[in-house]
Amino acid sequence: MLDKYLVDRVITEKFGSNTKRKFRAITRALSFRSYARQKKLKVASYSQEKIDLVFGLFGAYTKYSRASAVASVLKPLKNLIPEKRKI
């Protein structure tokens, strides 16, 4: 994905010692971060609280609304957003 979209930076969630996330998800995120550093990309990590605060400014509280907000800024990702599911 990093090579396909020619990114120049990667932003990930910062995992603290009190995280409740699954070990596999954390391991995957950390290896992604490590791979990005190997490729000499800028890597930044932010706490979940800061991520929630920033997306809250755009009214994006769900995974779908956050993905849509990112895709509205990064046009190549626009076609990758699936249709919103009806509940």
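Just so it is clear, the values below take in all heavy atoms, side chains as well, and ignore hydrogens, waters and symmetry mates. In this chain, residues are counted from 1 in sequence order.
Across all their heavy atoms, Ser65 and Gly59 have their closest contact at OG-O, 4.5 Å. Considering every non-hydrogen atom in both Ser45 and Lys14, the closest pair reads O-CE, 3.7 Å.
Atom CG of Leu77 is separated from atom OG of Ser68 by 11.0 Å, given to the nearest 0.5 angstrom. Between the CD atom of Gln38 and the OG atom of Ser31 there is a distance of 10.0 Å, given to the nearest 0.5 Å.
With contacts defined as side-chain heavy-atom distances shorter than 4.5 Å, the pair Phe58/Val70 does not qualify. In this structure the side chain of Asp52 reaches within 4.5 angstrom of the side chain of Arg66, judged on heavy atoms. Two residues are said to be in side-chain contact when any heavy atoms from C-beta on lie closer than 4.5 Å; Tyr64 and Ile81 meet this criterion.
At a threshold of 4.5 Å between side-chain heavy atoms, the hydrophobic network of Ile, Leu, Val, Met, Phe, Trp and Tyr places Phe55 and Tyr46 in one connected group. At a threshold of 4.5 Å between side-chain heavy atoms, the hydrophobic network of Ile, Leu, Val, Met, Phe, Trp and Tyr places Tyr61 and Leu57 in two separate groups.
Remark: the backbone N or O of Arg37 is not paired with any side-chain donor or acceptor of Lys40 at under 3.5 angstrom.
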